[in-house]
> 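Mind having a look at this structure? Questions to follow.
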Amino acid sequence: MSDRTYARFITLIGVVCGYAIFRRFWSADSLIFRNALIQGFFVGYGLALVTIELVARSKIVRINGWVTAFGCGLPGNGMFTRAAHTRIFPGPINVPQEAMYWRTNVDGAGGVLSGTHAYIMHFPPEGLPPHDAFWSLTMADAKEHFVANPLNRYLVGDRSGLAANADGSVDIHIQTTAPAGHESNWLPAPSGNFRLWLRAYMPGAAVLDGKYTVPPVVKQ
């Protein structure tokens with residue numbers, strides 16, 4: 001389910017729950033115990049989903065088309081905050097000092113990432129994600145599954161032998177076919193829509209302070 005479809009789904013749930021609460025408020029005497037329990041369960045579940053989505057949207061930080069959230073996994077986070085972070089980043093969530101995450105399904109101009117185009121992610125000199133462990137850029141299709149490819153390469157990172165440009169910058173080529181002369185920096189893409197995940201483990205101070213800027217994915 002795309003982010004836009006999910007947003008519409010949550011909006012529909014909110015409208016239905018609001019209607020149910022309003023209707024029950026004005027005709028509470030007509031409720032029987034069984035119906036009250038059933039309606040209470042579904043309305044409560046729906047309101048929880050809506051609340052999680054609202055909290056998630058309040059925590060999101062957008063950088064060049066990328067989405068991140070600070071404070072994921074911190075001890076003492078409330079139930080809804082933890083659920084919101086899981087909504088933003090499905091899967092295990094670490095404390096920021098252990099890992100930071102960014103994700104995107106759009107390029108820097110807001111266009112949906114698609115294998116019908118070729119993209120470059122340009123890291124300026126000294127601009128790779130600062131870390132004390134490792135970083136990785138992972139490819140997934142629209143359903144967040146790894147993308148089968150001839151190289152069996154599903155991510156690139158500091159352990160991939162990426163070739164730097166003469167000025168020390170690094171370009172990652174994201175496309176369906178191998179870029180001539182840049183195969184070492186190729187992250188194979190599917191033919192359809194896809195999304196990217198950038199992770200920095202034991203991130204540097206610039207990441208934790210929110211000063212590090214993830215470069216955009218640029219369509220060629």
Side-chain angles (χ1 to χ4, degrees), residues 3 6-7 51-113 119-140 144 146 153-165 167-174 184-185 187 189 194-218:
D3 291 343
Y6 186 82
T51 302
I52 290 168
E53 184 66 14
L54 292 175
V55 174
R57 289 178 178 272
S58 72
K59 299 290 183 181
I60 283 177
V61 176
R62 299 185 185 277
I63 305 171
N64 288 332
W66 293 86
V67 170
T68 190
F70 292 91
C72 292
L74 285 175
N77 279 346
M79 174 178 62
F80 283 113
T81 299
R82 293 196 299 272
H85 286 153
T86 301
R87 162 73 183 108
I88 301 170
F89 303 108
I93 295 296
N94 302 88
V95 296
Q97 291 75 17
E98 291 181 350
M100 280 291 293
Y101 314 86
W102 300 262
R103 68 173 175 85
T104 187
N105 63 349
V106 298
D107 60 30
V112 175
L113 295 175
Y119 303 89
I120 287 182
M121 192 172 177
H122 176 76
F123 292 89
E126 305 298 326
L128 292 172
H131 64 87
D132 292 322
F134 66 96
W135 69 269
S136 64
L137 178 67
T138 304
M139 167 70 67
E144 298 188 355
F146 284 144
R153 181 182 292 171
Y154 309 106
L155 58 84
V156 295
D158 60 304
R159 304 178 183 183
S160 302
L162 297 173
N165 300 318
D167 63 355
S169 63
V170 174
D171 291 328
I172 296 177
H173 297 258
I174 304 166
S184 62
N185 291 28
L187 182 58
F194 62 88
R195 59 187 59 207
L196 297 167
W197 293 79
L198 180 66
R199 298 176 173 90
Y201 290 89
M202 296 184 68
V207 174
L208 296 175
D209 294 342
K211 297 178 181 178
Y212 177 71
T213 300
V214 180
V217 179
V218 179

> Tell me the closest heavy-atom pair linking Ala189 and Ile174, and the distance in Å.
CB-CG2, 4.4 Å
> Trp66 vs Val106, test: side chain to side chain contact (heavy atoms under 4.5 Å, CB included). Steps then yes/no.
CA-CA 8 Å; Trp66 293 86; Val106 298; over 6 Å; no
> Applying side chain to side chain contact (heavy atoms under 4.5 Å, CB included), run through Ile172 and Ile120 and close with a yes or a no.
CA-CA 6 Å; Ile172 296 177; Ile120 287 182; over 6 Å; no
> With distance as the sole criterion, is a donor-acceptor pair present between the side chains of Thr104 and Arg195 under 3.5 Å?
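No, no side-chain donor-acceptor contact under 3.5 Å.
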> As an exercise, state the distance from CG of Leu196 to CZ of Phe194, rounded to the nearest 0.5 Å.
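Reported to 0.5 Å precision, the distance equals 5.5 Å.
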> Tell me the closest heavy-atom pair linking Leu162 and Gly157, and the distance in Å.
CD1-O, 3.6 Å
> How long is the straight-line distance from OH of Tyr101 back to CG of Leu198, given to the nearest 0.5 Å?
12.0 Å
> How long is the span from the CD atom in Glu126 to the OG atom in Ser169, to the nearest 0.5 Å?
11.0 Å
> Enter the distance from Asn64:CG to Met121:CE here, rounded to the nearest 0.5 Å.
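One finds 9.0 Å between CG of Asn64 and CE of Met121.
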> Quick check: closest heavy atoms across His122 and Pro215, and the distance to 0.1 Å?
O-CB, 3.2 Å
> Taking all non-hydrogen atoms of both residues into account, name the closest pair between Ala200 and Pro130 and its distance.
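Nearest pair, atom of Ala200 first, then Pro130: CB-O, 4.4 Å.
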> Report the C-alpha separation of Ile63 and Tyr212 in whole Å, then their side-chain angles, then the decisive distance to 0.1 Å, and conclude whether the side chain to side chain contact (heavy atoms under 4.5 Å, CB included) test is met.
CA-CA 10 Å; Ile63 305 171; Tyr212 177 71; over 6 Å; no
> Can you find a side-chain donor-acceptor pair between Asp171 and Asn165 that sits under 3.5 Å?
yes
> How far does CZ of Arg199 sit from CZ of Phe134, to the nearest 0.5 angstrom?
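Going from CZ on Arg199 over to CZ on Phe134, the span is 9.0 Å.
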> If you measure from CG on Leu187 to OH on Tyr119, what distance do you get to the nearest 0.5 Å?
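Atom-to-atom, Leu187:CG and Tyr119:OH are 12.5 Å apart.
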> How close do Ala133 and Tyr201 get, heavy atom to heavy atom, and via which atoms?
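For Ala133 and Tyr201, the tightest heavy-atom pair comes out as CB-O, 3.2 Å.
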> For the ring pair Tyr154 and Trp197, is the centre-to-centre distance below 6.0 Å?
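No - the distance between ring centres of Tyr154 and Trp197 does not fall below the 6.0 Å cut-off.
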> Between Asp158 and His131, does the side chain to side chain contact (heavy atoms under 4.5 Å, CB included) criterion hold? Intermediate values first, please.
CA-CA 10 Å; Asp158 60 304; His131 64 87; 3.8 Å; yes
> For Pro96 and Pro203, work out which heavy atoms get closest and say how close.
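Heavy atoms only, the tightest pair is O-CG, 3.2 Å.
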